[in-house]
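This report concerns only the one structure given below.
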Amino acid sequence: MNSGTGSDPAVGDARPATSDATEAKLSALIGRISTHLDQGALLIGADVGDGYRSDATDERGPRPALVLRPRHTADVSLILSTCNDLGQPLVIQGGRTGLSGGARPREGEVSLSLERMTHLESVDQRAGTIVAEAGVTMQSVQEAAEEAGFLFGVDIGARGSCTVGGNIATNAGGIRVLRYGMYRAQVLGLETVLPDGSVLSSLKGLPKDNSGYDLNQSFIGSEGTLGVVTKACLRLHPLPPLQVNALCVLPSLAAAQALLTRLRQELGPLLSAFEVIFPEVYAGVAAGGFATPPLPVGAGLYALVEIQGQDKSENHERFAATLMSAVEAGLVDDVVVSQSPRDYRGLWALREACSAFIFSMDRMVGFDVSIPLARMQDFLADAAVRLLAIDSSARPYVFGHLGDGNLHYMVRTDRDEDIADAVFAVVAETGGAISAEHGIGLDKKKWLPLVRSASEIAAMRRMKRAFDPNLILNPGRVFDMETEAAGKATR
Ligand SMILES: Cc1cc2nc3c(=O)[nH]c(=O)nc-3n(C[C@H](O)[C@H](O)[C@H](O)COP(=O)(O)OP(=O)(O)OC[C@H]3O[C@@H](n4cnc5c(N)ncnc54)[C@H](O)[C@@H]3O)c2cc1C
């Protein structure tokens, strides 16, 4: 699946990234750091596996000539300060599950992979926090939290491979943003290393700290362009004794939006997820055997909703009664409520099967967009018309986090670039965002000026220069540094 889909001109070459211009820098770098690092810290040449050439998008970059795999923050500091001295650009890699090409190498870059920084401290029961190194997977954080009687508030399909560092750099979202907020809301402290090697350590985990600028916020969602995250203090929530979900069959998007409003009003903070699956995706999941849906195909729309509560019987009854009243009001045509942990997992497996179905298809270009709820119908209608004007065989496949106004809008087409221009234009016209959660990376920067003003992009460039004056960290991600007129596409 493509993402976006403005691929970068510097990618797609399978040769090692060792042009003459970089050779001298590389050997100087290796010479200056290798004696200070352990044996497994450097992968060179043929030892660099294919996986380091990309993230979860289809496109591959050149194989990095060198992969640096620090074990400690001090190693990261040494690597960055040396690269900074030499002007050696780096691509930062976590679990490489990103969907915008941010971790995909470009010519001349060496990889800085946080995969060996996997230490997870035990849960601080009193504070309700956990401290994790950047390479710890999301699933490890979730499991450690659960064992200690807590819940980690973010969950995404890539949980088994994506890492704390990548999650922070992309400000990951997922299925429970409605209740717990995005990854940003889980971060109580960070340790980061700046390109000059200086370490910013702010891991006190204080819920309140207004002592000067909150520098941590700058790194969250900055896609590795400002500093390298090495450690994080993460907020945990009480583990809810009750988790119940339900699959609803709905006549239309308008009904889904009315249901969302009703559930918010009647269930308040109990409501923890509200996902939608459009009929083409639901049918594809069923036909391809990716999951066995409990309700028949052919409806207008499907919604998967979840509550998490503290009072098992009262909350469950309230959920069921609220859904029944939505059926009586004509908002819901049919509903199945999970009655066991097995049912519950089965319904979530159906939602995750949507990604598996989409990833299984060729010629698929993916958009991860935010649209104001009031304009979502306009977006879908306008985008459909413009797609067909470009490619009469183009078909949208849609699912996503309706509770947050976030749709994964996929189109099957051979006209990626034209379709992307059209979809992003409609996103901008409807007051949306071209990336709700996956970030801009390399693949979407062409369209950033559609949704960010020239002043905003100029301020971002000034921040980049302030943190990374020699432009060694993830250069060319999110935006390019050269001065350009607003609205002018750069790639
Ligand atoms: C099946 C599937 C489902 C997904 N579902 C969701 C979803 O629901 N919500 C969502 O938000 N995303 C989702 N994603 C996208 C992806 O998992 C997230 O973007 C994730 O946060 C990336 O983490 P990672 O460790 O794989 O980062 P990578 O892909 O390795 O890197 C992502 C970006 O972060 C930078 N980076 C990585 N580590 C660091 C670090 N230590 N310091 C500084 N910068 C760093 C990289 O340079 C790159 O720019 C999904 C992906 C897949 C494949």
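Small disclaimer: the values here were computed from a predicted structure and weren't measured. Just follow the structure's listing: the first ligand is 1, and inside any ligand the first atom is 1.
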Looking at [Y] and [X], is any side-chain nitrogen of the basic one under 4.0 Å from a carboxylate oxygen of the acidic one?
| X | Y | answer |
| --- | --- | --- |
| D362 | R412 | yes |
| E417 | K446 | yes |
| D38 | R116 | yes |

Just by distance, no angles: are the side chains of E223 and N474 close enough, under 3.5 Å, to form a donor-acceptor pair?
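Side chains of E223 and N474: no pair found under 3.5 Å.
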Going by distance alone, is a donor N or O of one side chain under 3.5 Å from an acceptor N or O of the other, for E437 and H401?
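A donor-acceptor contact under 3.5 Å links the two side chains.
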Closest non-hydrogen protein atom to [atom], residue and atom name please, with distance?
| atom | value |
| --- | --- |
| atom 29 (O) of ligand 1 | G98 N, 2.8 Å |
| atom 7 (C) of ligand 1 | E437 OE2, 3.2 Å |
| atom 41 (N) of ligand 1 | V229 O, 2.9 Å |
| atom 34 (O) of ligand 1 | A169 CB, 3.3 Å |
| atom 17 (O) of ligand 1 | T97 OG1, 2.7 Å |
| atom 27 (O) of ligand 1 | G166 CA, 3.5 Å |
| atom 46 (C) of ligand 1 | I92 O, 3.1 Å |

Using distance alone, determine whether V91 and ligand 1 share an N or O pair under 3.5 Å.
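No; the residue has no nitrogen or oxygen that sits under 3.5 Å from a nitrogen or oxygen of the ligand.
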Can you find an N or O of G173 that's nearer than 3.5 Å to an N or O of ligand 1?
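Yes; at least one N/O pair falls below 3.5 Å.
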For Q88 and N84, indicate whether the former's side chain and the latter's backbone hold a donor-acceptor pair under 3.5 Å.
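No: the side chain of Q88 does not pair with the backbone of N84.
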If we ignore hydrogens and angles and just use 3.5 Å, is the side chain of R53 paired with the main-chain N or O of G61 as donor and acceptor?
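Yes, the answer is positive, given that a donor and an acceptor are paired below the 3.5 Å cut-off.
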[X] contact mode with ligand 1 (heavy-atom cut-off under 4.0 Å):
| X | answer |
| --- | --- |
| A134 | side chain |
| N167 | both |
| T170 | side chain |

Please confirm whether F152 and Y183 have ring centers closer than 6.0 angstrom.
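Ring-ring flag for F152/Y183: true, centres closer than 6.0 Å.
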Ligand 1 contact by [X], heavy-atom criterion under 4.0 angstrom:
| X | value |
| --- | --- |
| F359 | yes |
| E223 | yes |
| G174 | yes |
| G135 | no |

So do the side chains of L99 and D368 get within less than 4.5 Å of each other, counting heavy atoms only?
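Not in contact.
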Below 4.5 Å, heavy atoms only, C-beta onward: do P195 and N470 meet side chain to side chain?
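Counting from C-beta outward, P195 and N470 never come under 4.5 Å.
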With atom 2 (C) of ligand 1 as the reference point, say which of A232, G400, A158, G224 has the nearest heavy atom.
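Closest candidate by heavy-atom distance is A158.
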